[in-house]
Each structure stands twice: as C-alpha cells, then as structure tokens.
Number of protein chains: 2
Amino acid sequence: MAVTIKDIARKAEVSRGTVDRVLHNRKGVNAEVAERVNSIAKEMGFSPNRAGKVLAARKQPIRFGCLLPSIGNPFFNDLIAGIHLGEKELADYGVSIDVLQVKSFDKNIHLEAIKRLKDNRYQGLCITSIDVPEVKEAIDDIVISGLPVITVNTDITSTGRLCYVGPDYTHGGRTAAGLLSMMNNEEKLFILIVTGSFHIKGHNERIKGFTEGLEAHKMNFEVVCLLESMDDDEQAFTLTSECLKQNPQINCVFIAAAGVKGACEAIMHLHMQDHLKVMSFDDIPSTKALVKQGIISFTLCQEPRQQGYIAIQKLFSHLMSEGKTPMEDTITKTIIKIPENIED
Amino acid sequence: MAVTIKDIARKAEVSRGTVDRVLHNRKGVNAEVAERVNSIAKEMGFSPNRAGKVLAARKQPIRFGCLLPSIGNPFFNDLIAGIHLGEKELADYGVSIDVLQVKSFDKNIHLEAIKRLKDNRYQGLCITSIDVPEVKEAIDDIVISGLPVITVNTDITSTGRLCYVGPDYTHGGRTAAGLLSMMNNEEKLFILIVTGSFHIKGHNERIKGFTEGLEAHKMNFEVVCLLESMDDDEQAFTLTSECLKQNPQINCVFIAAAGVKGACEAIMHLHMQDHLKVMSFDDIPSTKALVKQGIISFTLCQEPRQQGYIAIQKLFSHLMSEGKTPMEDTITKTIIKIPENIED
DNA sequence: ATGAAAGCGCTAACAG
DNA sequence: CTGTTAGCGCTTTCAT
C-alpha cells in the first residue's frame, strides 16, 4: 500500500494539516518541523494520490485555456479533437477547457489573445503562437506570474514554458526524402517546392530536412522553383500553375505546408498527375481525398490529435504533482500515410 | 457541476445508500423505489465520479491479470511496456497487474495458464492466446463467471470477451502491397514469402492482404515460394537460403511474421541484399538494425505499446462504469517505418 | 505555529 | 427493505 499523508504525520508526530502545509511550502511552519517532515516524506517515498487530491479540489474546479491560430485552418481540427478528448477524460477531476481560436499569424492578434488568456485566471495554458520577441516576452510574463504554459505544434523557444509538445519539422522533411529515394528509379529529380511562408520556421525546417535528406541519399536532384503560398489554396494554385507551365522538366512536387489542395488542382488542371511525384504534409480531408485518388503519393502526419491530448494531460499532471516533476518535451512521430493506411 | 449520488438521493427522497444499491443492481430494494431512482438517475444524466469510486475502493485494490505467449518473443516487450505504463498511470487508483508469460502457442500450456488466471481472483483479464475451440470455451467460462476479458494482439472470436485490442492483419498486408507498388518500376516481381505458421490466422491474413493488394494494383507478380519458419530464426535462415539458391529470379521477400533476422541473414550470406526488396513486420531491435542498414526496405508496425496500454485502460474503464458502457474494439494503426523514422 | 474537524463522491458495514 | 455512519487521501477552515 502506498504511503499517505497520514503515515507521514504519524511518523513525524505532527498533524496531517502540518504535513500538508510543509508539502506545499506554505508559510507558518517551524523550520525544524518542516525539515523533519520533508525528510520523512522523501524517505518514505511519498507521492500524492491523485484521486484524493482531485476529490478535495472539487470545490475549485480546474480550468485550462488554449490559444490556437486555427480559424480557417482545418489542420487544427484534429488537434482540437485531442484537446477535447483530454477534457472529457479529465471531466471527473473537475477539469474544463476553453479554446480561444484566432485567425492566422498576425502578431498583434496573438498578443491580444495571450493577454486575454492571462486575464482569465486559468490554472494552465496551452499555446500555439509565433516565435517572435514580443510573444516570447508575453509568455515569460505569464510564466513568472506562476501560470504553467505548454507550447503546442510550434515551439516558442528560450522561454520559461513548461515544455513543447509537437513535431520535429526537420525530421518530417528528412523522412519525405527517405521515402522519395526509395521510390525513385535513378532518373534526375527536378523539384518544385511549395512552402507556406518563408518566415515560418517549421516550413523552412521541413525544406531543409528534405534537401539534406536527398543529399544524404546521394540523389541526383535540382530544386527548380521555391514558391510561397501563404498557406492559401488560391495562391498555391496560381503560382503552381505558372511554375509548372514554365518548367516542364519538373517531375516532383514537395508541398511543405498548407495550400495542398490548390497546388494539386493546378497539377490536375494541367493533366500532369501521372508524370509527377507529389508529397505533402498532414491529412486534412481534402489531402486525404487526394492521396486516395493517387494524386499525392504520400503525406506525412505528425499526430495532431496526440499533440492536443498530450498537452492537456501534461498540464494536468503538472498541477497534480505541483511542478515537482520536471517536464520533458514530447516530439510526436512522423507517420507515413499512403492510400492503404490513410484512414487509420 | 456534475450530478452526484447525493443529488439523486435528495431528489428521490431516499438515502445515498439506497441509491448506491439501485445503481449496482444489488438485491434488497423495493422495486418501485428502484424504478424511481433509476429514472431520476438517467434523467439527471448521472455518471459516477472516478475519483470518488477509486478512493472508496482503496480498501480492496484492483488487480488485473495478463496472459502473453511472450517468452522468447521480443515482439511482446513493447506490448508489456504498454501494460506497465498503464499500471503506472493507474497506480494511484490502486491498480496492480500480474503478467503471466508462457512460451509459444502450445494449446495445453495456454489452457493451464488460463485456468491459473481464473483461479487467481483478478478483477479483469487481458489475454493473447490461440483461436481454438478449447480456448474459446475456457474464455467463455471465465466471462460467464463475471470476469471481464479483453483479447489483445490476437482476437479470440465468437466469445463473450469484452472487446479486442490489436491490429488488422489483412490491412497490414495490404499496406505492404501498396508501398511496394509505389517503389516498383514495372519489372515483374518474383516473390518469396516467409511466414511464421500456416496455422496462425494473423499470418495468413497478412499474406492474403498482401497478394490481394498486389492484384488490386495490377502488379505483375508471382509467388515463387511460401516458407514456414515456425517463427524461428534458424529455421528461417535455412529455408530462405535454400529457396534463394534454387530460385535466383526472386527479387522480393515478404516476411509475414517472426524469423526476420534469420531470413535477412540468409540474404546477406548470399550477398543478395542489393537485388532484393525486403519487407517485414514489427520493429524488434534486430529488425530495427536491419532497416537502418538498408537490408529491409520497410517494416510495418502495429503499435504494440498502445495495444498493451489501451487494453489496461479499457479494463479499468469497464470496472469504473460497471460495464454500463459498451466496449468497442480498438484496431491499432499500421505504421510504416523506414530508416528515417524507425526510431520514432 | 499547529491541531482538529469537515467535506469532496462513493462504498461498505451496521442498525434498524 | 432502508437509513445512518464511517472512512478512503487530501485540502481547507476554524480553533487554539
């Protein structure tokens, strides 16, 4: 049977209340007593019982807040589903979650949203934002005020955030290169890269991983064009169409971000799908359909649902352990999807 | 705030004890009262609070038993790790787990092990066994006695088991065919299939999925040999060596079960690795190494860790909800692993 | 500064 | 047949 607060109290010859005070570093305990209780607790290997904590805490339910740039971006649907799964599983423990959705990556919108979350007195935050100095400052501000913050999907580096939960973008790019190298029969690759934005680190890392991977495999390749779709399908359609027309030698399209549907429509419009190997990321419904149709050879996913779910679980764990256990980053897997396993 | 037993008691004008009795279908309650309480509970949307249940149940800790044919089969290491992860997460709720490991698939050994589990008064069982009549009977026997049973990794069909947690073997084979079709440049495939046992359904389903998948892709192929390794590396080595020597036209090896290392050693011995596409299942350490070396083109994994973890979580959920929520099967994903993402 | 007691939701034991 | 009570581990409040 696990050791409880009562056991410690008995051994230390104090009351349960005192033990509780010591364990939470609350003021008003004699230093010697505190020392004694602490060492006994450690010695006995005490770890608080979740069920007990949760039950006692029911009077003040736990609330988490999330910030996601998810408006107009179906990728986040699965991530949000993961968040809600976590909420459901923790409902018995009094946890409820608010998701604040914003549109795109405008710095001021994000700063304002973060401020709103801060003012809303949550017990924990879960944030996908942009890695710029102002946001970093805002995050650190929150962390200093004692509120735990987990970054999701996109890290915000060098801040006091608890941990990061999300993909390794470079790894995704490298995996695409690895698969492509297995599929290619020594003919030279003329590659069109369609990225989302030159200013988003994850997109750049995917491209870097991809080209580095091709080099590592000693592939004979040339990047013919590098287009910026601004994660917009129309933009992707227009730019891809033009590029393909002007560069008929292209035999491979690497879509590093959103705009998958637009780029693929351009390809289909020009009836080039049979002569092109197309790779993409994520599996939003339109991408799924394109994989099933065989337009896209494969798409790489990075467990969006798990990202949301794990982030919530970690916030809760952190609260339960009062931050005494260090939090490690969780890097989600790179999942290869082809027509056969896209529905998994 | 969620509705509690107390709320129901007040509304039904009975005591909490009575409500508890009704909710657990215990004898000794006036039929009319029971009816009233039940309808009020339903109406108010009552669902028992886990934390409360768990705390109250601490006097009689929960014990689960598992049966795995894991001795000498490293595949099960990850599955066991998943079981222990579940145990760790539920430790606060008084859950502990015994894993009974047996060697191979001998019917009598399994029957005896199942008997031992039954006699051991667990609150739930998690079983990987063989789908034969005697085992079915033994399982049904246990289920009838009121003990929930979940089948893991290999289903035991048409029994009263709660649900199955594990892969879809056919799907795995079909995915292998899909990937192979993407990698192949129209030359005819001469295929050697190395299976584990002709009597294990999962192995047969993988082969069926594979050949059906190749047909669906209109691949030009011929199965030259079909070998039975008995999941043994030495056996696999010997048979594969002979077959490859006698059939030099073979350019593709499909390893449907264990024996991966043996088969690959035969290939390397004959220096044929550069002329063969090799596919396998699972990612035990030796298989991982072979993928990284490039001997195996890809290996397909079916989330062994998740299988163990989910099975335990489901058993616990079932206990917590007193079996009032129906349990659905969980089919694990088919994960494609190539050198770049094998460590994920 | 510390102890005592109540209560979170649920179940089990006892009392009628 | 049903109500009452105690207690699981923990936190909080009140009393000392």
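Note on naming: letters A, B, ... go to the chains in the order of the sequence lines (proteins, then strands), and numbering restarts at 1 for each one.
The side chain of B/I5 has C/dC10 as its nearest neighbour among C/dC10, C/dA12, D/dC1. When each of C/dT11, D/dC10, C/dC10 is scored by its nearest atom to the side-chain atoms of A/F46, the top-ranked nucleotide is D/dC10. Taking every side-chain heavy atom of B/N30 into account, D/dC1 is the closest of D/dG3, D/dC1, D/dG9.
B/K118 and B/S145 share no side-chain donor-acceptor pair at under 3.5 Å.
Separating the CD atom of B/E35 from the P atom of D/dC1 is a distance of 16 Å, rounded to the nearest angstrom. Between the CD atom of B/Q60 and the C1' atom of C/dA12 there is a distance of 8 Å, rounded to whole Å. Here C/dG3 presents its C1' atom at 14 Å from CD of A/E13, a figure rounded to the nearest Å. A/E322 places its CD atom 13 Å from the C1' atom of D/dG9, with the value rounded to the nearest Å. Counting to the nearest Å, the P atom of D/dC8 and the CD1 atom of B/I62 are 17 Å from each other. B/L55 places its CG atom 10 Å from the C1' atom of D/dG7, with the value rounded to the nearest Å. Rounded to an integer number of Å, the gap from CZ of A/R26 to C1' of C/dT2 is 14 Å. Per the geometry, CG belonging to B/D92 stands 16 Å off P belonging to D/dC8, to the nearest Å.
Side-chain contact between A/P167 and A/Q307 is present, with heavy atoms from C-beta onward closer than 4.5 Å. The shortest side-chain heavy-atom distance between B/F316 and B/R50 falls under the 4.5 Å cut-off. A heavy-atom distance below 4.5 Å is found between the side chains of A/R10 and A/D7. By the 4.5 Å heavy-atom criterion applied to side chains, A/I312 and A/C66 are counted as neighbours.
Using a 4.0 Å cut-off, some side-chain N or O of B/K6 falls inside it from OP1 or OP2 of C/dC8. Using a 4.0 Å cut-off, no side-chain N or O of A/R50 falls inside it from OP1 or OP2 of D/dC10. A close approach under 4.0 Å does occur between a side-chain nitrogen or oxygen of B/K53 and OP1 or OP2 of C/dT11. The phosphate of D/dT4 has neither OP1 nor OP2 within less than 4.0 Å of any side-chain N or O from B/S15.
Using a 4.0 Å heavy-atom criterion, one finds that A/Y93 contacts no nucleic acid atom at all. Here A/D20 lies in heavy-atom contact (under 4.0 Å) with a base. Residue A/R21 is classed as a base contact, given a heavy-atom separation below 4.0 Å to a base. Residue B/R16 is in base contact, counting any heavy-atom pair closer than 4.0 Å across all strands shown.
When each of B/G17 and B/V54 is assigned the nucleotide of DNA chain C with its nearest heavy atom, B/V54 is the one assigned upstream, toward the 5' end.
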